[in-house]
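All remarks here apply to the structure that follows.
So you know, we letter chains A, B, ... as the sequences are listed, proteins then strands, and number each from 1. Side chains included, hydrogens not; waters and symmetry mates left out as well; all remaining heavy atoms used.
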Amino acid sequence: MFIIAFGSVSLIYRSNLIIGAKTRKIWDNFAALFDQMMEFIPLTFMLGFFVTIIVRRWNDIFANLGWVDNTAITVSNYIRGTDEQTRMIRRNVIRYMVLTQVLVFRDISLQVRRRFPTLDSIVAAGTVLLNIHSINRTPSGFMLEHEREALCNVACKYSKYFVPIQWSTGLLVQARADGKIAADLLMNEIGKNIIEFRKGLALLSNYDWVPIPLAYPQVVFLAVRSYFFMALIARQSVLLDGKDPEQPSILYPVVPFVMSVLQFIFVVGWMKVAESMINPLGEDDDDFECNFLLDRNLAIGLTIVDDCYNRIPSVEKDVFWC
Amino acid sequence: MFIIAFGSVSLIYRSNLIIGAKTRKIWDNFAALFDQMMEFIPLTFMLGFFVTIIVRRWNDIFANLGWVDNTAITVSNYIRGTDEQTRMIRRNVIRYMVLTQVLVFRDISLQVRRRFPTLDSIVAAGTVLLNIHSINRTPSGFMLEHEREALCNVACKYSKYFVPIQWSTGLLVQARADGKIAADLLMNEIGKNIIEFRKGLALLSNYDWVPIPLAYPQVVFLAVRSYFFMALIARQSVLLDGKDPEQPSILYPVVPFVMSVLQFIFVVGWMKVAESMINPLGEDDDDFECNFLLDRNLAIGLTIVDDCYNRIPSVEKDVFWC
Amino acid sequence: MFIIAFGSVSLIYRSNLIIGAKTRKIWDNFAALFDQMMEFIPLTFMLGFFVTIIVRRWNDIFANLGWVDNTAITVSNYIRGTDEQTRMIRRNVIRYMVLTQVLVFRDISLQVRRRFPTLDSIVAAGTVLLNIHSINRTPSGFMLEHEREALCNVACKYSKYFVPIQWSTGLLVQARADGKIAADLLMNEIGKNIIEFRKGLALLSNYDWVPIPLAYPQVVFLAVRSYFFMALIARQSVLLDGKDPEQPSILYPVVPFVMSVLQFIFVVGWMKVAESMINPLGEDDDDFECNFLLDRNLAIGLTIVDDCYNRIPSVEKDVFWC
Amino acid sequence: MFIIAFGSVSLIYRSNLIIGAKTRKIWDNFAALFDQMMEFIPLTFMLGFFVTIIVRRWNDIFANLGWVDNTAITVSNYIRGTDEQTRMIRRNVIRYMVLTQVLVFRDISLQVRRRFPTLDSIVAAGTVLLNIHSINRTPSGFMLEHEREALCNVACKYSKYFVPIQWSTGLLVQARADGKIAADLLMNEIGKNIIEFRKGLALLSNYDWVPIPLAYPQVVFLAVRSYFFMALIARQSVLLDGKDPEQPSILYPVVPFVMSVLQFIFVVGWMKVAESMINPLGEDDDDFECNFLLDRNLAIGLTIVDDCYNRIPSVEKDVFWC
Amino acid sequence: MFIIAFGSVSLIYRSNLIIGAKTRKIWDNFAALFDQMMEFIPLTFMLGFFVTIIVRRWNDIFANLGWVDNTAITVSNYIRGTDEQTRMIRRNVIRYMVLTQVLVFRDISLQVRRRFPTLDSIVAAGTVLLNIHSINRTPSGFMLEHEREALCNVACKYSKYFVPIQWSTGLLVQARADGKIAADLLMNEIGKNIIEFRKGLALLSNYDWVPIPLAYPQVVFLAVRSYFFMALIARQSVLLDGKDPEQPSILYPVVPFVMSVLQFIFVVGWMKVAESMINPLGEDDDDFECNFLLDRNLAIGLTIVDDCYNRIPSVEKDVFWC
């Protein structure tokens, strides 16, 4: 894109038909002036500081995406019992956690929003995929129909992310009352893990609520764009210290061209990285794969709390026993 | 603003009536001198470091605004009972937390101060809005009349932020004594959540008490302003390496003008971002919406501890059950 | 200061009496040489990095100044009883915490050292101010006479900051043994809060023990000072690219003067900020008001654990009840 | 490498046979142009910011490599008993932790992958080395055959890192049920330590999953490489301010050569450091020795929980007793 | 050092005997070339980033040096009893912690290694100093003879830092079994404090194991050194824009000399700071006084757990009582 634009302007500048020698002379002075003042725009400096801030934010988001593994292991160990009721409780505790994640991600990630455009679709996704599930175990079915109704019945004009989390922790209290959890301490430990999970999601949600002050990225991106627009004009002339070189050569114009293109690649490459990191939950290739994370969390979570429940290999002597 | 000022000075410089060729010559030398020494003021560098510090502080404030969700979920799970007394305790624990937030925010945020100019207004707000509450559930009524009196009766010449928090945790002890909380561990867990909330508010309050050393922002902002005042004068001349260009053209003066304006936009844009981030609890568009947060906290909190108390969907098999 | 010095040197330079045209010529070359080599001293860069490090340290100190509120609320809730003995225990737990803070601050803050030059003065301060206390409740009396003796009797050649903290936690164990605290868990919770408080003070004390390697601030401050000493001499000449301007004007010398003064203000302003942040417990206006903090901690702490003990407003329905 | 390339280009430039004086003149102008525009590529700035980000990431990885010491001490203290069954449980809890580490490291570290190309090799490694183990105690045998089968039987299409951790914590629950652990609190404490260990490994694994946005290192490394390619051509001429020096000397060309080589060493050295820190689990000399860590963790862990179990020296009076 | 070298080279340059005017002319051009290319080495930039990284690391080490105060207070409060056995247990728990610190510091600090060259010396130090101990209480005797044997008997080819920590925590389990500690919770609390202490030491030890990638400091220090070697040659000439000044004066050579010396002081001063911070456990004046810390830890620890055990001043009314 930049190359084509540069080429076109170059053509206008070089061709004797369009502009005369005198005009070109003026252009040269023009360019020299521009060049002299280009340093007013502290491009690399702004970009450097900007990228540093963005990277820190990106790291925060990354560290709080939310993984259910820890909670699932605690649930599996502390909620004891192999009857259907207990198994369902264990499974639901985890499923409600992932459901919260689905609800939060729908509001902050375009990928997930597209996958689940409505609350109904979260339920439906499950039923549709149920048929092929024995083969592939694609995790879906994050919510059941009666849960969707319960969720909709909660009268609250703010976002309802807290509802499934409350169900999840409520199930713990129930399990404790039924004696499925041996002690308050253990119930509390699971609860703390779930709250930890919720905190991470709340942080993601807050980052979405209060973005980096808008002016900041805009100022930086505008700076970069106008810098290169200037460069289109100012870098056509071949001047050594404001004078034409004594020995003419048609190779000269190649130099500013190559250097400008290189600079364009570097600076705009840097800026693109910043742009893609500013919204890491978008749809770029570099962005976090939120849908994958949701599927994985549900699958791993259910495997841990149900399939692997109490399946410890028999305790045997290891090879160093003596 | 800068554009107009620049235009005026430009007019003076260009018009032959006001100043003669010789004066203009002197002006040129003047400008060249200025230009040569402009680099003494390390504008972008100062701004860069300054913004980095500001952004870190802004992040800290943002992370400690205070959300009641976690505490509310714990309260809802650990204080058991559906009688009126228990419901009132649960509701009041949360309400007192939000009341603390109101008290703190009144002192650090202009928005909230305007909404609640006096302690009475915190009480009154509730009674006025009570009538329309069934339709809209606008959360208000952060304090009751007898609580306001109790608050005023506390003899303490320092800020009384701690009072409602003490009420809140005191209610926990009472609930534990009445057997509404099953174990000391669970009471302590809720208490730790409330203390965590208080710590965040205390940090906000301390940041307000000890601002960034005043000289620092002042030095930076003064640097930026005097830089551009200098620029008004120094950037009128069109000089290439201190000499007039050989080929005259009326287009030349456009260059320093455009570049200066661009630089002004970028640098001042950057500075404005810093200025608005220095006091994120102010009334700018980019600032945190404290009143929204207060209303939300009360509404969500009451919903969690009361409306959603023990309303867990029946435990059923999920779609992956096998 | 800088302005006067600059003026004097300027006078010497300009007056034809003192130095002749030839000497001035040499001076000009001299100045040009200096100017050319001034960039060897990377002033803004060093200052920028330096300030960043200082600000981080300042933040750490600020975050660990020590507030008793959290502990006081826990003490008030978990140590039950309204008899004199229990009240005294609650009050003393808090008072011993603040006493530790007094001892630590005496060694790191000049303000507090001046207020309490000897251990006796910590005791005396109380008795003197006791008379007016009913009116004003100025908190003092951090230590009683028999406590001072106990403190002095501890044989330890290192600093005895730990002694009052040990008293404080020891009182908890005693209260637990007497059944005033209901459970080990609650005693431990208070203890953890007190230890947390102690950790903050220990960090302050350590920061005082191991300052930023001395050479670093010295190198930076020496750099700034010699820079401006050089500037005094080098910025007298008015040279455009090493030559006198063609059109003479008596206005010219104003430019380097104004620019140098501006630079001096900015850079030295920046340095002064750094200097004052390096020792935030000193006596500058921007420094933390340690004496205020001590008074406040004692007053708030005693109010929380005693005056406000168990004074919770009656539990009533809030305005949103339905 | 760079030296040779520079020499070759230099030869072409200097030899009168290949290029004539006129061509060399053009080359000179060419070079001067390049030189003038080289500053467009903000080399050191990009590298500086880049290295800062890399170093932070490297620190994170380093802090989360995973050490079993803490858990082993807790296991040794809280799981009581000297019968074979208890000893096996203690040993297996630790061994399963290290096994998880092996599984994770196989996927993120080339060294470990080469050592354990298949799951079988993790088992086999043990049996092979078993013979020499009495002499050298080389820790291996991270997994037993029946455990490998149990691991393979877990149906889960995502990575199975969680399986041995679940075994490990499951053994705790079993030990608690058998009365080998005295209280739920102590079991929970060990469990929290194991989960902490798992969190560190999960972080390593996630860092491997989501690398630093690819464009960023690529842009930086491309910048460095093209910069030095340019330098090859542009730094052949010896020009002072675009003109030949008046006094010819054959020593002149040495200067740009030496300086370019020095710059090459510094910048590329810096870049190499960044490159090696970007993937600290690789096979360079500076990288973390993962295989050593695995062996050490198993050996130390088993020593702590078994060999040193309950071997406390008799309690005697120390030399300061009085 | 630099001054002398500069003087010598200056002498060669100035004296007409050694080099002629023509050679000097060549030298001038030479110097001008060097000067022009000196900016290739981004000295301050590299140093700035480098120092930032070093300072962060230094802070980490400083924060993890290890203080026993917290643990000692907990031990003193939670292990109850005044019989000899209990006193010995309390003393040994602390002594073993400090012993671990001695073992770790021996491997990472030259000061401590010199003080305790062998394990025997750790024992001996105690017996020798025992005689004067009643007067001076110099803390030594970190280990008893039978403990040294127990330590040596542990068969482990890796570092045995964990052994005394295991003894320490093992004593807690024993004290709990004997009823000296009232509850598992309290035992666990002390244990967590000890583990925390161990974590800090492990971090120090790991920092010693994996230094900052070696190439990085080397590249930076080489850059600084070669920069000033170049400066020796390049800064002899007095040239204004590549030409001799018109008015000769013997004062001129003073300028580059003074400026170079100043720059040398600043940059090398900065570098020295970095060098001394890279290894803060060395023997410089600015380094942490590890031996002092060991002595202090033992003395304070024993004082807290034994001398000050249960010596709380009688509970009396404070001066604000009403």
Side-chain angles (χ1 to χ4, degrees), chain C residues 22 25-26 29-30 32-34 36-37 40-42 45-46 49 52-53 85 88-89 91-92 95 126-127 130 133 139 141 144 146-147 150 154-158 162-163 165-167 169-174 184-185 188 191 195 198-199 202 206 210 213-216 219 222-223 226 242 302, chain E residues 43-45 48 51-52 55 62-63 67 69-70 72-74 76-78 80 137 182-183 185-186 189 238 240-241 245-247 249 251-252 255-256 259-260 262-263 265-266 269-270 272-273 276-277 286 288 296 299-300 303-304 307-308 310-322:
Chain C
K22 206 176 156 189
K25 193 83 201 166
I26 292 173
N29 286 328
F30 217 81
L33 266 172
F34 262 128
Q36 194 170 294
M37 285 170 178
F40 290 173
I41 306 182
F45 211 83
M46 285 177 101
F49 276 109
T52 305
I53 291 170
Q85 179 70 9
M88 284 193 289
I89 288 182
R91 291 175 75 100
N92 281 358
R95 192 158 53 79
T127 39
L130 183 60
H133 133 251
L144 298 182
H146 75 290
E147 288 157 3
V154 172
C156 176
K157 66 175 187 173
Y158 302 100
F162 64 88
V163 178
I165 283 290
Q166 201 176 359
W167 295 346
T169 51
L171 282 177
L172 298 180
V173 178
Q174 206 170 294
D184 287 332
L185 176 81
N188 193 35
I195 291 290
R198 202 205 76 84
K199 261 189 208 166
N206 289 348
V210 179
L214 268 183
Y216 199 15
V219 161
L222 180 57
S226 38
L302 293 184
Chain E
L43 211 59
T44 47
F45 212 83
V51 166
T52 304
V55 167
F62 177 54
W67 306 83
D69 307 41
N70 291 336
I73 289 174
T74 329
S76 168
N77 281 326
Y78 292 167
R80 309 302 300 176
R137 196 174 178 104
L185 177 80
L186 306 183
E189 184 67 27
V238 174
L240 277 172
D241 300 312
E246 291 164 32
Q247 294 285 336
S249 160
L251 274 174
Y252 295 158
V255 180
M259 295 306 285
S260 293
L262 272 178
Q263 190 191 21
I265 290 173
F266 300 143
W270 215 5
K272 286 284 174 209
V273 172
S276 88
M277 287 181 111
D286 286 334
F288 306 130
R296 181 218 170 268
I300 292 261
T303 308
I304 292 178
D307 298 359
C308 292
N310 235 13
R311 285 174 51 183
I312 309 168
S314 63
V315 176
E316 295 184 10
K317 293 182 183 172
D318 57 86
V319 298
F320 307 118
W321 184 275
C322 54

Please report the closest heavy-atom contact between [X] and [Y], naming both atoms and the distance.
X: Arg311(E); Y: Trp167(C); result: O-NE1, 3.4 Å
X: Ala155(C); Y: Thr303(E); result: O-CG2, 4.2 Å
X: Val315(E); Y: Leu171(C); result: CG2-CD2, 3.6 Å
X: Ala183(E); Y: Asp184(C); result: CB-OD2, 3.1 Å

With rounding to the nearest 0.5 angstrom, report the [atom1] to [atom2] distance, [X] to [Y].
X: Leu172(C); Y: Asn77(E); atom1: CG; atom2: CG; answer: 7.5 Å
X: Phe162(C); Y: Ile304(E); atom1: CZ; atom2: CD1; answer: 5.0 Å
X: Arg198(C); Y: Asn70(E); atom1: CZ; atom2: CG; answer: 4.5 Å

Would you say [X] and [Y] make side-chain contact, with heavy atoms under 4.5 Å?
X: Asn206(C); Y: Trp67(E); result: yes
X: Asp318(E); Y: Leu302(C); result: yes
X: Arg95(C); Y: Phe320(E); result: no
X: Ile165(C); Y: Ile73(E); result: yes
X: Leu144(C); Y: Val319(E); result: yes

Self-check item: Greatest number of heavy atom pairs closer than 4.5 Å to chain C - which of Ile312(E), Asn310(E), Thr74(E)
Solution: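 Ranked by contacts with chain C, first place is Ile312(E).
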
Quiz item: Between Gln174(C), Gln85(C), Glu147(C), Met88(C), which residue shows the highest count of heavy-atom pairs closer than 4.5 Å to chain E?
Solution: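 Most heavy-atom pairs under 4.5 Å with chain E: Met88(C).
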
